[in-house]
Amino acid sequence: LATGTWSRVAQPSGLLSRDSQQMCQNDDGVYLLGGSSDTGKMNDVWLLRPGEEVFARVSENVERPFARSGHNAVTIGNKMLVLFGRDNSTFFNDVWAMNMDTNRWASITINSAVSPTPRYGAAAVANGELIIVHGGYTSTSAGGSYSNELWVFDSVRGEWSEMIQYGSIPSARAFHQMGLLMSEGDNRFLLIGGRTDAAKATNDAFVFNQEEQRWSKPTLEGGPASAV
């Protein structure tokens, strides 16, 4: 980052070409999970440690999430939590956690009466013990549809709740990104981009104040073109 220079990371033979994977990080390094390759969906986990230039396969227990793509992955403490995604025919709304000290997976029991419908291509960000999830492409009895729902998962209680939204609410979308505005220190996060229907990508941006449950639109200068 200091020099703005890219360098190529070596790929071991087992690390197949893929898209729609997820990456997250902790002090150990950067973790890569799943995705879609020419041979199908995957649920493998790889780790790139600081100072190394090659990914190493993480050895996991037999119980693990189903192979998937378009999922979400965040880190909370020493755990990587994985939510949603899809395989070739099924959309998921399950939650899994991998202990990054032991590399052991466990399925998280949902203790709330409500939970989001299965989906993929949602955006997610962790804030303390909470995971905030927006949108995605959902599976319904009538087929698929884009969503602008905003859900919060309490990773300690195992409970979902849907947030009421106010202000300049983003349109329904999938394949977008969210990130915490860490410098603000006031539970705000940024949402940007995505696809609002099968033919339209967007480059609009929104800021959500979690305490007020209110969206606002920042004034943008320049920025990326509309793309996914």
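Since this is a predicted model, take the numbers as computed values, not measurements.
- For Glu53, the CD atom counts as loosely surrounded, since its 6.0 Å shell holds 12 or fewer non-hydrogen atoms of other residues, nucleotides or ligands.
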For residues 161-169, which side-chain donor-acceptor pairs fall under 3.5 Å, sequence neighbours excluded?
unit_1	atom_1	unit_2	atom_2	d
Gln165	OE1	Trp215	NE1	2.6
Gln165	NE2	Asn148	O	3.0

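- Between the CG atom of Asp154 and the CG atom of Asn111 there is a distance of 10.0 Å, given to the nearest 0.5 Å.
- The distance from atom CH2 of Trp96 to atom CG of Leu81, rounded to the nearest 0.5 Å, is 12.0 Å.
- A donor-acceptor contact shorter than 3.5 Å links the side chain of Asn72 to the backbone of Ala122.
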### Evaluation steps, side chain to side chain donor-acceptor pair (under 3.5 Å), between Ser171 and Arg173
CA-CA 6 Å; Ser171 58; Arg173 65 190 62 205; 3.0 Å; yes
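- Taking each heavy atom of Leu16 and Ser37 in turn, the nearest pair found is CD1-OG, 4.2 Å.
- Two different hydrophobic clusters hold Ile76 and Val156 under the rule that ILVMFWY side chains link at heavy-atom gaps under 4.5 Å.
- The shortest heavy-atom contact between Arg18 and Gly34 is NH1-O, 3.0 Å.
- We find the CG-CZ distance between Asp44 and Arg57 to be 5.0 Å, quoted to the nearest 0.5 Å.
- Although no hydrogens or angles enter the test, the distance criterion places a donor-acceptor pair under 3.5 Å between the side chain of Asp87 and the main chain of Thr90.
- Side-chain atoms of Arg119 never come within 3.5 Å of backbone atoms of Phe84 as a donor-acceptor pair (strictly under, hydrogens ignored).
- Within a 6.0 Å radius of CG in Asp38, other residues, nucleotides and ligands contribute 12 heavy atoms or fewer.
- Checking side-chain atoms of Arg64 against main-chain N and O of Phe66 turns up no donor-acceptor pair under 3.5 Å.
- In the hydrophobic clustering of this structure, Leu150 does not group with Val133; members are Ile, Leu, Val, Met, Phe, Trp, Tyr whose side-chain heavy atoms approach within less than 4.5 Å, directly or through other members.
- Of all the heavy atoms in Ala205 and Pro218, the pair that sits closest is O-CD, 3.4 Å.
- Of the possible donor and acceptor atoms, none in the side chain of Asn187 sits under 3.5 Å from a partner among the backbone N and O of Gln210.
- Nearest heavy atoms, Leu32 versus Phe55: CB-CE2, 4.3 Å.
- The backbone N or O of Glu129 sits less than 3.5 Å from a side-chain atom of Ser155, completing a donor-acceptor pair.
- Side chain of Thr138 to backbone of Ser145: a donor-acceptor contact under 3.5 angstrom is found.
- Residues Leu83 and Trp151 share a single hydrophobic cluster, defined by chaining ILVMFWY side chains whose heavy atoms lie under 4.5 Å apart.
- Here the side chain of Asn93 pairs a donor or acceptor atom with the backbone of Pro116 at under 3.5 angstrom.
- Rounding to the nearest 0.5 Å places CZ of Arg188 at 12.0 Å from CZ of Phe208.
- Both Phe189 and Val152 belong to a common hydrophobic cluster when Ile, Leu, Val, Met, Phe, Trp and Tyr are linked at side-chain heavy-atom distances under 4.5 angstrom.
- Under the 3.5 Å distance criterion, the side-chain polar atoms of His134 are left unmatched by any main-chain donor or acceptor of Pro170.
- Lys79 approaches Asn99 most closely through the heavy-atom pair CG-CA, 4.4 Å.
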Side chains of residues 20-27: which donor-acceptor partners sit under 3.5 Å, not counting sequence neighbours?
unit_1	atom_1	unit_2	atom_2	d
Gln22	OE1	Ala73	N	3.4
Gln22	NE2	His71	O	3.3
Asn26	OD1	Asp28	N	2.8

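- Here the OH atom belonging to Tyr137 is positioned 10.5 Å from the CG atom belonging to Asp197, to the nearest 0.5 angstrom.
- Across Ser69 and Gly35, no two heavy atoms sit closer than the pair CB-C, 3.8 Å.
- Shown here are the ring pair (Phe, Tyr, Trp, His ring centres under 6.0 Å) partners of Trp105, two or more places apart in sequence or in another chain: there are none.
- Rounded to the nearest 0.5 Å, atoms CD1 (Ile192) and CD (Gln177) are 10.0 Å apart.
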